[in-house]
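What follows is a set of notes on a single structure, which appears directly below.
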Amino acid sequence: MKASAKSYNYDAFANDFYEARNFIDGAPHIGECAPDFEAHLLNGKTAKLSDWNGQTIVLETGSLTCPIFAGNSSAMEALRADLSDKAAFLVLYVREAHPGTKRPAHRSDADKMRAAQETANVFAPGRTILVDDTTGSVHKQWGQLPNSVWIIGPDGRVIYRTDWNDPDTVRDIISADDPNARARTYFEHRKQSMSLDLATRLFNHIKRYAGWNAVWHVVAEGLAMNRQHRHADAAQVAGNPVPRPARTSGCW
């Protein structure tokens, strides 16, 4: 049965499921305590984000059918290898960004675990994979975008977030003598420039791991998605995100 407009695990990518405002207004802001959560590890055990308390954490959302995540994987694996003494590198496995005939939307925890294991084998062999439940309980807390990145300080507070991962920015922040200060020099929305070469690589990834039908959905909906990001950028520049109540609870 086709997923409804309100389904978290949509059957086919559409701009209606992609709400940049969830990131701007609903996800943890810089300076706030990162909300703790529990998720499955690939070995069947569970872990909490607070298990890495006292360390700097790089938390990236991703999935097998997300071409941006896959395209950044080599750079992120190199980052982990180079800077494992400075930060813990975690991947939160979320819904399939571009489900298709080869990799349909998750319908069970076991199905999601299989997709996460394949992703770990191919794209994240050195990083810790945390698998969200099929309803997206954790992902919904963290903005629901497919390849966002969060840097959390040793005190449990968010020091940087970005709607699209940029490994060079992550490296610069983590390598700095004062990552918190360095993070403040960066804008939290990364503007994507879609060259022909990048578009070809993205479509090839989606075709390989999801199928031709998923490629078509991206072509049909991609321009509307890019408009959302431009609107998000404009809102952030204008300084008008929706006001949020202050979080009074302490960090982990």
Side-chain angles (χ1 to χ4, degrees), residues 6-10 17-64 66 69 76 80 84 87-97 105-117 119-120 123-124 126-165 170 174 179 183 188 244-252:
K6 294 183 179 180
S7 296
Y8 172 73
N9 295 294
Y10 46 78
F17 298 107
Y18 192 100
E19 290 289 344
R21 270 289 175 186
N22 290 331
F23 174 85
I24 296 173
D25 300 324
H29 286 189
I30 293 169
E32 290 185 342
C33 293
D36 199 10
F37 63 81
E38 184 174 86
H40 290 284
L41 298 170
L42 294 177
N43 62 9
K45 298 180 180 180
T46 59
K48 292 182 178 180
L49 186 63
S50 57
D51 291 342
W52 287 269
N53 184 33
Q55 302 179 59
T56 298
I57 299 169
V58 177
L59 178 66
E60 179 183 8
T61 61
S63 67
L64 181 63
C66 178
F69 171 78
M76 292 301 291
R80 182 209 58 80
S84 59
F89 289 81
L90 313 178
V91 174
L92 177 66
Y93 198 89
V94 297
R95 63 188 172 191
E96 294 304 325
H106 307 134
R107 293 295 182 246
S108 68
D109 288 341
D111 179 41
K112 193 164 189 173
M113 287 290 284
R114 284 191 292 270
Q117 183 65 69
T119 301
F123 298 112
R127 287 175 285 165
T128 299
I129 308 292
L130 301 171
V131 186
D132 195 6
D133 60 37
T134 52
T135 65
S137 299
V138 180
H139 195 202
K140 290 172 182 175
Q141 282 187 300
W142 291 79
Q144 298 190 58
L145 293 184
N147 191 221
S148 52
V149 166
W150 312 78
I151 300 178
I152 302 161
D155 62 352
R157 292 187 182 277
V158 175
I159 66 173
Y160 179 72
R161 67 178 196 168
T162 180
D163 51 357
W164 288 106
N165 183 16
V170 175
I174 298 299
E188 65 183 44
R244 295 159 53 92
R247 294 190 179 179
T248 57
S249 58
C251 297
W252 316 331

For the side chain of D25 and the backbone of N22, is there at least one donor-acceptor N/O pair under 3.5 Å apart?
-> no
Would you indicate whether the side-chain heavy atoms of I152 and I159 approach each other to under 4.5 Å?
-> no
Which distance, rounded to the nearest 0.5 Å, do you find between the CG of N165 and the CG of L145?
-> 12.0 Å
Under a 4.5 Å cut-off applied to non-hydrogen side-chain atoms, are L130 and V91 in contact?
-> no
Side-chain contact, heavy-atom cut-off 4.5 Å: W164 with V149?
-> no
Examine distances only and state if a side-chain atom of Y10 and a backbone atom of A97 form a donor-acceptor pair shorter than 3.5 Å.
-> yes
Give the minimum heavy-atom separation between I30 and E188, together with the two atoms involved.
-> CD1-OE1, 3.6 Å
To the nearest 0.5 Å, atom CG of L59 lies from atom OG of S148 at 7.5 Å
Donor-acceptor contact present, side-chain N147 to main-chain T61, <3.5 Å = yes
Is D36 reaching over with its side chain to a backbone N or O of L49, donor-acceptor style, under 3.5 angstrom?
-> yes
Does R161 count as lying over the ring of F23, i.e. NZ or CZ under 6.0 Å from the six-ring centre, within 45 degrees of the axis?
-> yes
Dump the intermediate steps for side-chain contact (heavy atoms from CB on, under 4.5 Å) on L92 and V94, then the final yes or no.
-> CA-CA 6 Å; L92 177 66; V94 297; 3.9 Å; yes
Within the side chain of S108, is there an N or O that forms a donor-acceptor pair under 3.5 Å with the backbone of D111?
-> yes
In this structure, which one of F37, Y160, W142, F89 forms a ring-ring contact (aromatic ring centres under 6.0 Å, His included) with W150?
-> W142
Which side-chain hydrogen bond (donor to acceptor under 3.5 Å, both in side chains) pairs, counting each pair once, include a residue from residues 128-140, with sequence neighbours left out?
-> Y8-H139, D133-T135, D133-S137, T135-S137
So do the side chains of V158 and P28 get within less than 4.5 Å of each other, counting heavy atoms only?
-> yes
Non-hydrogen side-chain atoms of E32 and R157 separated by less than 4.5 Å | no
Rounded to the nearest 0.5 angstrom, the CD-OG1 distance for E38 and T46 is 4.0 Å
Any residue meeting salt bridge (Lys or Arg N to Asp or Glu O under 4.0 Å) with R80, in chain and number order, not counting sequence neighbours = none
Do R127 and E60 come close enough that some side-chain heavy atom pair is under 4.5 Å?
-> yes
For a side-chain contact (heavy atoms from CB on, under 4.5 Å) with V131, tell me which candidate from K112, Q117, H106 qualifies.
-> K112
Would you indicate whether the side-chain heavy atoms of F69 and L64 approach each other to under 4.5 Å?
-> no
What's the shortest heavy-atom distance between W252 and A34, and which atoms?
-> NE1-O, 2.9 Å
Working for side-chain contact (heavy atoms from CB on, under 4.5 Å), residues I151 and T56 = CA-CA 7 Å; I151 300 178; T56 298; 4.0 Å; yes
Close side-chain approach of I129 to T119, heavy-atom, < 4.5 Å | no
